Number of protein chains: 2
Amino acid sequence: MSGMSGRAAQSQRALMGVRDLIVSGELRAGTRLSELTLVERLGISRTPLRAALAQLGQEGLVEAIPSGGYAVRSFSRDEVIDAIELRGTLEGLALRLAAERGVPPARMGELTRLLESIDEALKGDVADMDFDGYVDLNAAFHEKLWALASQTIRREIERVTSLPFASPSAFLDKQANVEAFRRSLYGAQTQHRAMVEAISLREGSRAEALAREHARLARQNLEFVLDQDRSLIRRVPALSLVVG
Amino acid sequence: MSGMSGRAAQSQRALMGVRDLIVSGELRAGTRLSELTLVERLGISRTPLRAALAQLGQEGLVEAIPSGGYAVRSFSRDEVIDAIELRGTLEGLALRLAAERGVPPARMGELTRLLESIDEALKGDVADMDFDGYVDLNAAFHEKLWALASQTIRREIERVTSLPFASPSAFLDKQANVEAFRRSLYGAQTQHRAMVEAISLREGSRAEALAREHARLARQNLEFVLDQDRSLIRRVPALSLVVG
DNA sequence: CTCTTGATTTCTGTATACAACTGGTATTCT
DNA sequence: AGAATACCAGTTGTATACAGAAATCAAGAG
């Protein structure tokens, strides 16, 4: 059973397996993660499982229990808001530095092409748009933005967005295709265009402010789900871990 | 040998041991970290050592080798600068939110008292100051600032500052007691006072800008060491990992 | 009936055995 | 001689055995 194809395949499997159990809501916030139970459930041994738990601890999805082991972490509304604010701040930093230091035309071209593809997906009105297409393109666009930053900063962005509800795609899951979210996409795309323009014009401060404001769309969506339509909680990954 | 006093004592020992070997410069950038060698050197077994290596990989001090294992990471000058900028940005976020949301008077009092203690340490002129005292008080002051932020943000600050040269104390190591650094402390303390005042007056944007500018003192010190007096490289933790 | 205390069970942290893989060297064939 | 291949030492990833510490439960004292 050992030495499957790929390096550290079991560890990867353990990581994805446990993460999936948590974000899918199968393991609720606060529950202790018994190693033996998980080992049996995932069909792996304790060593790669423990590696996965340690990594998830770093990501923040689980927290270490003082007496040993880990438990699924729970998040207050304020903590989720702070995680979103954190992402906006880091994306803002990435865009400001990109604007100040300059970006090769080839990369700007890629971004512009993505913007046009997103326009295509948004063609028509709220009922006709290609929501699923937008979801994919939006994720690709944000990843291209992150790629403008240095490795140091990109690493931090990826770490922060490993909390599922902090990712730019958090409320754009294909399972959360509701009108309230679809309506927000036009404004989001306007911000996308402005961000690319600001980078192109070397307007660092503007690019930074736009990135922050853009992230706050996720906050609006969060508050909509929590205050207006709690039935959506199950459709947004890991939102079941939010208490209050 | 197992079950020393304290939970996960061997893992802690491994973590500190390997980290120390790296920041002390004993293991130079790029060298592969042989598990068996380290095990023998630190007197622990492979399991806690591997946990430590994984954690150091998350911290960014070591990087995973595609074919397996880890190597001591090397940092370009630009990467160090970005890490410092990153810390300033995160501290700025923490201070902005603290200012906007308000801080209990008791905590503001603690900060003010620390400011006064730092003033004490700086009493006299550049030759007379209590440099070692300043080092400790400065670290305490920054930690109190971090404590104003939510757990989500504090976690990220602590992660970023786990890279030794990105910490607010990086160039204030007691072994780096040189006049060029001592001279910068008066301006630093002025910024400290302004930061606390801005929080107290709920001036979020000002607090944020001050925190960013404050971090850039570390950048100045970095450039002084790299460009003016490279003999100091050995006195600043982990700066031997910087190439160029 | 409640609280304390002791034993049992379960769990985590650590050590070590095992197997697959990587990189290098020597050997052999062309 | 050069290249390809087989072999070999060394290394990492995985599984599992073991020991100490919590948590749980039961029984007994107050």
Side-chain angles (χ1 to χ4, degrees), chain A residues 1-22 26-73, chain B residues 1-22 26-73:
Chain A
M1 181 64 80
S2 64
M4 193 173 272
S5 72
R7 198 84 189 163
Q10 307 293 31
S11 297
Q12 287 289 88
R13 199 140 73 92
L15 184 61
M16 295 185 177
V18 178
R19 192 191 279 141
D20 197 61
L21 285 175
I22 295 174
E26 213 159 332
L27 294 171
R28 284 195 304 182
T31 57
R32 191 189 192 114
L33 293 163
S34 162
E35 295 182 0
L36 293 175
T37 306
L38 290 173
V39 156
E40 194 177 355
R41 205 155 168 182
L42 300 174
I44 53 178
S45 87
R46 281 186 63 209
T47 304
L49 175 72
R50 291 186 107 255
L53 290 178
Q55 161 118 17
L56 290 172
Q58 291 298 314
E59 291 185 5
L61 263 188
V62 308
E63 62 188 346
I65 299 173
S67 62
Y70 294 90
V72 180
R73 196 174 147 200
Chain B
M1 180 65 80
S2 65
M4 194 174 272
S5 72
R7 197 86 188 160
Q10 307 293 21
S11 297
Q12 287 288 88
R13 198 140 74 92
L15 184 61
M16 293 184 178
V18 178
R19 190 190 280 143
D20 197 60
L21 285 175
I22 295 175
E26 214 159 332
L27 295 171
R28 285 196 303 181
T31 56
R32 192 193 189 111
L33 293 162
S34 162
E35 296 182 359
L36 293 176
T37 306
L38 290 172
V39 156
E40 195 177 353
R41 206 155 166 182
L42 299 174
I44 54 177
S45 87
R46 281 185 62 208
T47 304
L49 175 72
R50 281 175 66 75
L53 290 178
Q55 161 117 18
L56 289 173
Q58 292 297 315
E59 292 184 4
L61 262 189
V62 308
E63 62 188 346
I65 298 173
S67 63
Y70 294 89
V72 180
R73 195 174 149 201

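These figures come from a predicted structure and were not determined experimentally. A, B, ... follow the sequence lines: proteins, then strands. Residue 1 opens every chain.
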Looking at every heavy atom in both A:G30 and A:A71, which two are closest together, and how far apart are they? O-CB, 3.9 Å
Atom-to-atom span, CZ of A:R13 to C1' of D:dA15 - whole angstrom: 14 Å
Calculate the interatomic distance between A:L36 atom CG and C:dT9 atom P; express it in whole Å. 16 Å
Considering all heavy atoms of both residues, which atom of A:L42 and which atom of A:A14 are nearest to each other, and what is their separation? CD1-O, 4.3 Å
Look at B:R41 together with B:E26 and state whether they make a salt bridge at an N to O cut-off of under 4.0 Å. yes
Minimum heavy-atom distance B:L53-B:V62, with the two atoms named: O-CG2, 3.8 Å
Minimum heavy-atom separation for B:G68 and A:R7, please, with both atom names. CA-NE, 3.8 Å
Protein-nucleotide distance (A:Y70, atom OH; C:dT12, atom C1'), rounded to Å: 11 Å
When every non-hydrogen atom of B:G43 is compared with those of B:R13, the smallest separation belongs to O-NH2, 3.8 Å
Kindly state which residues belonging to residues 47-59 of chain A come within less than 4.0 angstrom of DNA chain D, counting heavy atoms of the residue only, listed by number. A:T47, A:P48
B:Q10 has a side chain; which of D:dT12, C:dG13, C:dA15 sits nearest to it? C:dA15
Does a side-chain heavy-atom distance below 4.5 Å link B:E59 with B:L56? yes
What pairs of nitrogen or oxygen atoms, one from the protein and one from nucleotides 22-25 of chain D, lie under 3.5 Å apart?
| residue | atom | partner | partner atom | Å |
| --- | --- | --- | --- | --- |
| D:dA23 | OP1 | A:S67 | OG | 3.1 |

In whole Å, I'd like the distance from the CD1 atom of A:I44 to the P atom of D:dA15. 8 Å
Considering only side-chain heavy atoms of B:R46, which listed nucleotide, D:dT12, D:dA17, C:dA15, is closest? D:dT12
Value in whole Å for how far the P atom of D:dA15 lies from CD of A:E40: 15 Å
Using side-chain heavy atoms (C-beta onward) and a distance below 4.5 Å, is B:R46 in contact with B:L36? yes
Less than 4.5 Å apart, side chain to side chain, heavy atoms only: is that true for A:L61 and A:R73? no
Just the rounded figure in Å: distance from C1' of D:dG13 to CG of A:L15. 16 Å
